[in-house]
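For ligands, and for the atoms within them, numbers begin at 1 and follow the listed sequence.
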Amino acid sequence: MNDLVVGIDIGTTKICTIVAEVRTDDIFVVGVGLEPARGMKKGVVSDIHQLSNAIAASVHKAEKTSGYQIERAFISVAGNHIASINSRGAVGLVGNRGVRADDLDKAIEEARAIAIPHNREVLHVIPRSYAIDGQNNVRSPIGMHGFRLEVEVHIITAASTSVANLEQAVQAAGVYPDRFILNPLASGDAVLTEQEREMGVALIDIGGGTTDLAIFIEGTVWHSGVIAVGGDMVTNDITHLMHVPFDVAETVKVEHGHALEKEVSPLETFLVQPFGEGIPIEFKRQDLAMAIEARMSELLELIQAEIKRSGYDGLLRAGMVITGGCAQLPGLRDLAQHTLGIPVRIAKPERLTGMADALRSPAYSTSVGLLRLGLQMDAVSGGAAAANGHAGNNARLSGFLTGLFRRLLPDDRDG
Ligand SMILES: Nc1ncnc2c1ncn2[C@@H]1O[C@H](COP(=O)(O)OP(=O)(O)OP(=O)(O)O)[C@@H](O)[C@H]1O
Ligand SMILES: [Mg+2]
């Protein structure tokens, strides 16, 4: 039997469970379970009972299509309770010997030993770079000689209560959450190229309720954050503009929406039936585009402010990569490129094999990324999940995970 890996992306709009077999040189999707989200608002749990029912339904669909029973999974996390900081740690190398793996562990452990408020928990500790005896920018210190090893890490924390609510909902759906993974890290893994990560890039995942952001420079994550605003805001604007229910506004946005007013002909119109009207009313597509452009410009300014706040705005030579369901909005690329003044690319998951056709959309970047990144984190941490049969044989993973290792190290080194 093949080893399995399962990811559950718990979004504000949809819940997506993916089951994949871990094969010699890749992961192969064997089942997908899609379910509209319930009990989630702006990336956090608003109703545990409803959410857990929705998760159970998504998991059940994935079990039916794959023929496997799902026991454990990697779970996505977002919400504006997410915070990130950078920290440093150091360790002495006795006797000028080559650096060993346990030296890295000790240095990272020290970097991690900063005061984290007791109501927050550490989700990820990601080494950014190493220095040996003051020589900076050491990529891979193992085996190198020196007296003192220093590490710079990026630490991502979440509100303990938010994670606990998510954990409870997943467990109530009959699934053990193996590991929680921050949304934009998973999305980044699914859509970014090695070159973009090296050159410096901002990954933006615009979903229904949240906009997730991660900045990758020199191959690793330097900054991450979540803005509690997404495409739902545009849909809400349409409900006001046209006096229609949310689901009608959603259809209007998907079918007629455009992020650039000037790109839409003033002659284009469409029909909708507002509250209180006996017959459908004609609307100009350009008016719709004007409203969308205003709202998306606002969101892009929030994104720009967050990038500025990180202090890395001058380092994004590869510009920005936008994914998430909202990335499908026509005109968004041009609007973003114009507003931010950097190159912008719209992206969907690449490197997919198996029953993956339904997943080739920007909306599934987080879902797809959870699988590979979860495996990678487990492989590096000695495989807490692997030991429990989640991903069986680490040696088999090493083939397609090589090269990814440096990018992310585990949050729990004791696994
Ligand atoms: N073709 C389209 N054009 C414009 N917007 C779209 C299109 N398809 C989906 N969307 C929007 O994408 C959003 C949902 O994106 P996604 O599926 O990534 O959200 P999610 O992951 O469930 O939510 P979040 O990550 O914010 O918790 C919705 O606002 C939806 O209206
Ligand atoms: Mg999402």
Residue, atom and distance of the protein heavy atom nearest atom 29 (O) of ligand 1 read Lys253 NZ, 3.1 Å

May I ask you to identify the nearest protein heavy atom to atom 8 (N) of ligand 1, giving residue, atom name and distance to one decimal place in Å? Gln328 NE2, 3.3 Å

Any side-chain donor near an acceptor of the partner, Thr220 and His154, under 3.5 Å: no

Measure the distance from atom 16 (P) of ligand 1 to every protein heavy atom, then report the residue, atom name and distance (to 0.1 Å) of the closest one. Lys14 NZ, 3.5 Å

Which of these, Asn183, Thr366, Thr211, sits in a side chain to side chain donor-acceptor pair (under 3.5 Å) with Asp205? Thr366

Is there a side chain to side chain donor-acceptor pair (under 3.5 Å) between Thr17 and Ser58 once you walk through the steps? CA-CA 6 Å; Thr17 303; Ser58 161; 2.6 Å; yes

Would you check whether Ile10 has a nitrogen or oxygen atom less than 3.5 angstrom from a nitrogen or oxygen atom of ligand 1? no

Regarding Tyr68 and Glu21, is there a side-chain donor-to-acceptor distance under 3.5 Å anywhere? yes

Using a strict 4.0 Å cut-off to heavy atoms of Asp232, name the atoms of ligand 1 that fall inside it. 29 (O)

Atom 25 (O) of ligand 1 [closest protein heavy-atom partner, distance rounded to 0.1 Å]: Thr210 OG1, 3.6 Å

Just by distance, with hydrogens left out, do Ser365 and Ser187 show a side-chain donor and acceptor under 3.5 Å apart? no

Using the ring centroid of each side chain, check whether Phe275 and His243 are separated by less than 6.0 Å. no

Taking only heavy atoms of Gly231 into account, list the atoms of ligand 1 that are under 4.0 Å away from them. 29 (O)

Could you check whether Lys61 pairs with Glu35 (Lys NZ or Arg NE/NH1/NH2 to Asp/Glu carboxylate O, under 4.0 Å)? yes

Atom 31 (O) of ligand 1: nearest protein contact (heavy atom, Å): Glu250 OE2, 2.2 Å

If you measure from each heavy atom of Gly257 to ligand 1, is any distance below 4.0 Å? no

Protein heavy atom at shortest distance from atom 22 (O) of ligand 1: Thr13 N, 2.7 Å

The single option from Ile215, Ile307, Leu203, Leu213 that satisfies side-chain contact (heavy atoms from CB on, under 4.5 Å) with Met320 is Ile307

Is Pro330 in polar range of ligand 1, meaning some N or O pair under 3.5 Å apart? no

What's the shortest distance from atom 10 (N) of ligand 1 to any protein heavy atom, and which residue and atom give it? Gly325 O, 3.4 Å

Is a side-chain donor or acceptor of Thr323 paired with a backbone partner of Ala347 at a separation under 3.5 angstrom? yes

Heavy-atom contact check, 4.0 Å cutoff: does Ala37 meet ligand 1? no

Give the single entry among Gly208, Ser367, Ser76 that approaches atom 13 (C) of ligand 1 most closely by any heavy atom. Gly208

